[in-house]
Amino acid sequence: MNKLSGSRKIYAFGSLVLGVLLLLWPGDALRMAAYVVGLVVMAGGVISLIAHFRKRSSYASHGINLITAVIVTGVGAWIFLNPQDFASIIPTALGYLVVISGIVNLLETFSLSRAHYRKWWVSLLAAIVTIFMGMLLVNHAFGIVSSMVRLGGVFLLFNGISDLWINRRVDEYVHYDNKTPGKNRKRASGS
């Protein structure tokens with residue numbers, strides 16, 4: 001669980017940083033994200049192409065790997081050369097990420113409830129609001145992109161803050177190992 005908590009914390013901090021960037025510089029942040037994604041995808045395709053020609057295996061998947069590498073390289077180049085087109089789908093993708101994060105928060109809320117954390121309902125409320133905001137982003141992302149990007153920035157800020165709060169409570173009050181039963185039972189009614 002500690003590894004999951006660590007990755008969730010990294011995701012939460014990333015959500016906070018991305019939220020601030022999208023809130024303050026929506027157009028530039030989207031364009032930069034498109035360039036970075038394009039370069040990463042293109043680099044992955046080129047690396048696959050190089051690996052393909054180095055191996056020269058006779059397996060049937062050899063041809064499929066070559067075709068996949070060419071397609072991935074082409075998609076990366078298209079994203080890099082057409083950042084505006086790609087940027088228009090980013091708010092929708094962010095919306096799906098926020099919805100997924102809200103669902104994870106909702107599941108963690110049940111853990112808090114089972115651990116008898118008195119204010120588990122705050123976590124429930126934050127999870128429901130997060131899911132709602134993500135769905136709003138997904139359903140309206142193709143409207144006014146700049147406004148939706150700023151709104152997405154606000155949603156990501158909320159998501160990051162709620163993720164950190166819920167994750168801290170889960171780390172503090174929910175124990176998945178049977179070695180320390182009821183360790184914080186006295187504090188279960190705490191803040």
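A quick note: this is a predicted structure, and the numbers were derived from the prediction, not measured.
In this structure, the separation between CG on Leu106 and CD1 on Ile166 is 9.0 Å, given to the nearest 0.5 Å. Between the CG atom in Leu112 and the CG atom in Leu107 there is a gap of 11.5 Å [rounded to 0.5 Å]. A distance of 16.0 Å separates CH2 of Trp120 from OH of Tyr173, quoted to the nearest 0.5 Å. In this structure, Leu81 CG and Met42 CE are separated by 7.0 Å, a value rounded to the nearest 0.5 Å. To the nearest 0.5 Å, atom CZ of residue Arg169 and atom CG of residue Leu164 are 11.0 Å apart.
Between the side chain of Asn167 and the backbone N or O of Asp163, no donor-acceptor pair lies under 3.5 Å. Not one N or O on the side chain of Ser113 forms a donor-acceptor pair closer than 3.5 Å with the backbone of Thr109. Judged by distance alone, the side chain of Thr130 and the main-chain N or O of Ala126 form a donor-acceptor pair under 3.5 Å.
The shortest distance between side-chain heavy atoms of Phe80 and Val41 does not fall below 4.5 Å. A 4.5 Å side-chain heavy-atom check between Ser123 and Tyr117 finds every atom pair outside the cut-off.
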(Q) Test side chain to side chain contact (heavy atoms under 4.5 Å, CB included) on Ile79 and Tyr35; report intermediate values, then the result. (A) CA-CA 7 Å; Ile79 293 170; Tyr35 285 130; over 6 Å; no
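Linking Ile, Leu, Val, Met, Phe, Trp and Tyr residues whenever their side-chain heavy atoms come within less than 4.5 Å leaves Ile50 and Val75 in two separate clusters. Hydrophobic clustering keeps Ile67 apart from Val46 (ILVMFWY residues linked when any side-chain heavy atoms are closer than 4.5 Å, directly or through intermediates). Val72 and Leu39 are members of different hydrophobic clusters when ILVMFWY side chains are connected at heavy-atom separations under 4.5 Å. Taking hydrophobic clusters as Ile, Leu, Val, Met, Phe, Trp and Tyr residues chained together by side-chain heavy-atom distances below 4.5 Å, Phe110 shares a cluster with Ile128. When hydrophobic clusters are built by joining Ile, Leu, Val, Met, Phe, Trp and Tyr residues whose side-chain heavy atoms come closer than 4.5 Å, directly or via intermediates, Ile103 is grouped together with Leu124.
Within 6.0 Å of the CH2 atom in Trp78, the count of heavy atoms belonging to other residues, nucleotides or ligands exceeds 12.
Heavy-atom minimum distance, Val99 versus Met135: CG2-N, 3.4 Å. For Ser162 against Asn105, the heavy-atom pair with the smallest separation is OG-ND2, 3.8 Å. Residues Phe158 and Met133 approach most closely at CD2-CE, 2.9 Å, considering heavy atoms.
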